[in-house]
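The chains referred to below are lettered A, B, ... by the order of the sequence lines, with proteins before strands, and numbering in each begins at 1.
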Amino acid sequence: MNLYPRFAGHVADALNGLMAGGDLPAGLSLANVTVEPPRDASHGDLATNAAMVLAKPAGMKPRDIAVMLAQQLARLPDVASAEVAGPGFLNLTLDPGVWRAELAAIAAAGADYGRSALGAGQHVNVEYVSANPTGPMHMGHCRGAVVGDALASLLAFAGFQVTREYYINDAGGQVATLARSAHLRYREALGETIEIPEGFYPGDYLVPVGQALAAEFGPAYVTAPESEWLVLFRTRTVALMMERIRADLAQLGIHQDVFFSEASLGNRVQEALDTLDARGLIYQGVLEAPKGEAGEDWEPRPQTLFKATQFGDDSDRAMQKSDGSWTYFAGDVAYHWDKLERGYTALVDLFGADHGGYVKRMTAAVRALSDGKVPLDIKIVQMVKLLRAGEPVKMSKRSGNFVTLADVVEEVGKDVVRFIMLTKRSDSQLDFDFAKVVEQSRDNPVFYVQYAHARIASAKRKAAEAGIVLPPADLDRLDATDLALVKVAAQWPRIVEQAAEAREPHRIAFYLNDLAAAFHTQWNMGNDDPARRFVIADDPGLTAARLALADAVAQVIRNGLAVMGVEAAEELH
RNA sequence: GCGCCCGUAGCUCAGCUGGAUAGAGCGCGGGACUUCUAAUCCUGAGGCCGCAGGUUCGAAUCCUGCCGGGCGCGCCA
């Protein structure tokens, strides 16, 4: 069992013992009792707030409870000291043997160190990317793709069963426009000189699509009315675009399990509507005119509406247009209905910032459809500002002038892109500067973390080159300074659980930065004091112990990077 | 008008499911090299955590109101 849950158990046992012995009133709730590392390392290795939390319900003074608890905990063989501090904190200092044991545990668990059973029995669907199939992936899609993928990996590492999913918006007006744009390129491929009207997709990427269509159909549809080719061309073009999008995603190391087509929903939409209707949540009505500036040509019309307001939305939402066709929202409701029917215990969607206004109605729909039993967590992913040496790079899909994901990956590499996308909370804006992300300096976390890992690999190479014959590592050779590094590495299982619970993969990146900093600090002590080096030629025993320590740090770095989908570097150049 | 997000050091941001003296990087001052044991490290200065109330033993964190910035708000997708 991991360190922190183990000691949380010790604290709970001690408190229960005090209750059983009559020193504390029976039946106190321990729900708010925490056992965590204190912010300040000088306070010890673990701190619990138990005395302060329990003081009021127990009708006792915090310090009195803390003293009793300290006496109990001090008896544990792993506890070196237990001291009451501040308003009633209980600080525990652990026996150094605990950290040596943890070091051995890291080595024994290897790539599984930090894996958690937090999500055991739960099956989460994470939907991300879901870019319209109207062109290749550009940098606007990138962040959601990486954050979603890392979140999925994080949840999997935390014990959840995870399905990674992509929703293909292949049914609306935009893909019809795409099909018309492809038809133009088709005619172009057959020798016509074309002009691309305003509102069509002008990008070069449709040229090969036109060629493929020309090769498949010959001139059959050049002058045919749109009704004869639109659906066909749409299907072909979307399929080719999706092929390309999948290839783009593969370059980023992203492979999703399910690609769900909006066009394939069919009568699922009616089913979802019926389900809501059966619960009395559908009615015919007229929405109020929207406030604000966009209300000039608005006319009141009766529509089929979903009672979203009953589930916390600000307005009821249209499912069916006045002409009887479905709204986009209706399709999305049906899609989530489908997900629910597939039996997930929780749903996660990643939305771009421009879809923030959509969150309430979607969560309302899922709440209605699942009787509130399946939570939908929508993560908003903010825009990425692309910079080149401080100057903004302009992008516009409409004009066909955008920076593709493939270009960026080719320029700076998959690992850099992925890491940088996780260096901030996903709901705050992110700058991506081509110059800075490849810089080899302290303020580039990609480099900084990789450098720590590379240094460890280097130390091991150096030891081998020097012909040092390593005995089995005797961890007793490690002193308090060495063990400080183990304490940071030992945080990893906690970080995994906290990040998974908060569904915030960026925490992994921040933690790795901290771990790397702790390692670099240790490493640099060797500059001033050769006895603190990791490789000491005339002391193979100490070298073996130190390399075991370094190995554990490297292992945790690799495990963290693996969750982020980044490969650990053996050397940097 | 309504809704959502944000406001933390000069700058970029962590911390926000309440804990002890609010952290990191950059930049600025001082120090250790000349590159996988200096791509790094150490050290110093720098904060009404937007403002005002409230809840609590305890608030950057939760609640309310305000101020400031961003985004969204039709039957588009």
Closest to the A:Q303 side chain: B:rC6, B:rC75, B:rA77?
B:rC75
Atom-pair distance (CZ on A:R425; C1' on B:rC16), nearest Å
7 Å
Does B:rC57 have a Watson-Crick or wobble mate here (both distances under 3.5 Å), and if so which one?
B:rG19
Hey, does the side chain of A:K360 come within less than 4.0 Å of B:rG72's phosphate (OP1/OP2), counting only N and O?
no
Please measure how far the P atom in B:rU8 lies from the corresponding atom in B:rA60, and state the result in whole Å.
15 Å
Between A:Y283 and A:D316, does any side-chain donor sit less than 3.5 Å from a side-chain acceptor?
yes
Could you tell me the Watson-Crick or G-U partner of B:rG1, where both distances fall under 3.5 Å? Say none if there is no partner.
B:rC73
For nucleotides B:rC73 and B:rC16, find the distance between their P atoms and express it as a whole number of Å.
31 Å
Do you see a donor-acceptor pair shorter than 3.5 Å between the side chains of A:T134 and A:Q174?
no
May I ask you to check whether A:Y167 and A:D332 show a side-chain donor-acceptor distance below 3.5 Å?
no
A:T34 side-chain N/O to B:rG19 phosphate OP1/OP2 under 4.0 Å:
no
A:Q382 CD to B:rG72 C1', in whole Å, measures 11 Å
Closest-nucleotide 5' rank along RNA chain B - winner of A:R442 and A:F534:
A:F534
Indicate, with a heavy-atom threshold strictly under 4.0 Å, whether A:F89 touches base, sugar-phosphate, or nothing.
base
Separation of B:rG70 P from A:D354 CG (nearest whole Å):
17 Å
Rounded distance in Å between the P positions of B:rA9 and B:rG46:
15 Å
Ignoring the backbone of A:D443, work out which of B:rU40, B:rA20, B:rG25 is nearest its side chain.
B:rG25
Any A:Y451 side-chain N or O less than 4.0 Å from OP1/OP2 of B:rU37
no
How far, in whole Å, is B:rG53 from B:rC6 if one measures between their P atoms?
24 Å
Distance, C1' atom - from B:rA20 to B:rG31, rounded to whole angstrom
32 Å
Look at all strands and tell whether A:I380 reaches a base, only sugar-phosphate, or nothing, counting heavy atoms closer than 4.0 Å.
nothing
In Å and rounded to the nearest 0.5 Å, what is the CD1 to NZ distance from A:I456 to A:K460?
8.5 Å
Determine the contact category for A:V175: base if any of its heavy atoms lies under 4.0 Å from a base atom, sugar-phosphate if only primed atoms, P, OP1 or OP2 are that close, otherwise nothing.
nothing
B:rG25 to B:rG69 separation - C1' atoms, rounded to the nearest Å
24 Å
Identify the heavy atoms of A:A171 and A:R234 that sit nearest to each other, and give their distance.
O-NH1, 4.3 Å
Look at A:S315 and B:rC2 and indicate whether a side-chain polar atom (N or O) is within less than 4.0 Å of OP1 or OP2.
no
Euclidean distance for P, B:rG65 against B:rC2 (whole angstrom)
11 Å
Indicate, with a heavy-atom threshold strictly under 4.0 Å, whether A:G172 touches base, sugar-phosphate, or nothing.
sugar-phosphate
Please determine if A:R494 forms a cation-pi arrangement with A:Y4, meaning its NZ or CZ atom is less than 6.0 Å from the six-membered ring centre and no more than 45° off the ring axis.
yes
Span that lies between the P atom of B:rA22 and that of B:rC49, in whole angstrom
10 Å
A:Q284 versus A:T304, side-chain donor and acceptor atoms under 3.5 Å:
yes
Base-pairing assignment for B:rG68 (Watson-Crick or G-U wobble, both under 3.5 Å):
B:rC6
Counterpart base for B:rG44, defined by Watson-Crick or G-U wobble contacts under 3.5 Å:
B:rC28
In whole angstrom, what separates A:D314's CG from B:rG74's P?
12 Å
Does A:R546 put a side-chain nitrogen or oxygen below 4.0 Å from OP1 or OP2 of B:rU37?
no
Give a yes or no answer on whether the side chain of A:H520 reaches the backbone of A:Y451 with a donor-acceptor pair at less than 3.5 Å.
no
Would you indicate, yes or no, if B:rG25 has its OP1 or OP2 atom less than 4.0 angstrom from a side-chain nitrogen or oxygen of A:H520?
no
Residues within residues 52-70 of chain A bordering RNA chain B, heavy-atom distance below 4.0 Å
A:M52, A:V53, A:K56
With a 4.0 Å limit, can you tell me whether A:S428 has a side-chain N or O closer than that to the phosphate oxygens OP1/OP2 of B:rA14?
yes
Among B:rC75, B:rC6, B:rU17, which nucleotide sits nearest the side chain of A:R507?
B:rU17
Record whether the side chain of A:N91 comes under 3.5 Å of the base of B:rA20 through a donor-acceptor pair of N or O atoms.
yes
Under 4.0 Å between any heavy atoms, over every strand shown, what does A:H506 touch: base, sugar-phosphate, or nothing? Just pick one.
sugar-phosphate
Side-chain-base donor-acceptor pair under 3.5 Å for A:N524 and B:rU40:
yes
Using a 4.0 Å heavy-atom cut-off, does A:P38 contact any base of the nucleic acid, only the sugar-phosphate backbone, or nothing at all?
base
For A:A353 and A:V535, find the nucleotide of RNA chain B closest to each by heavy atoms; which residue's nucleotide sits nearer the 5' end?
A:V535
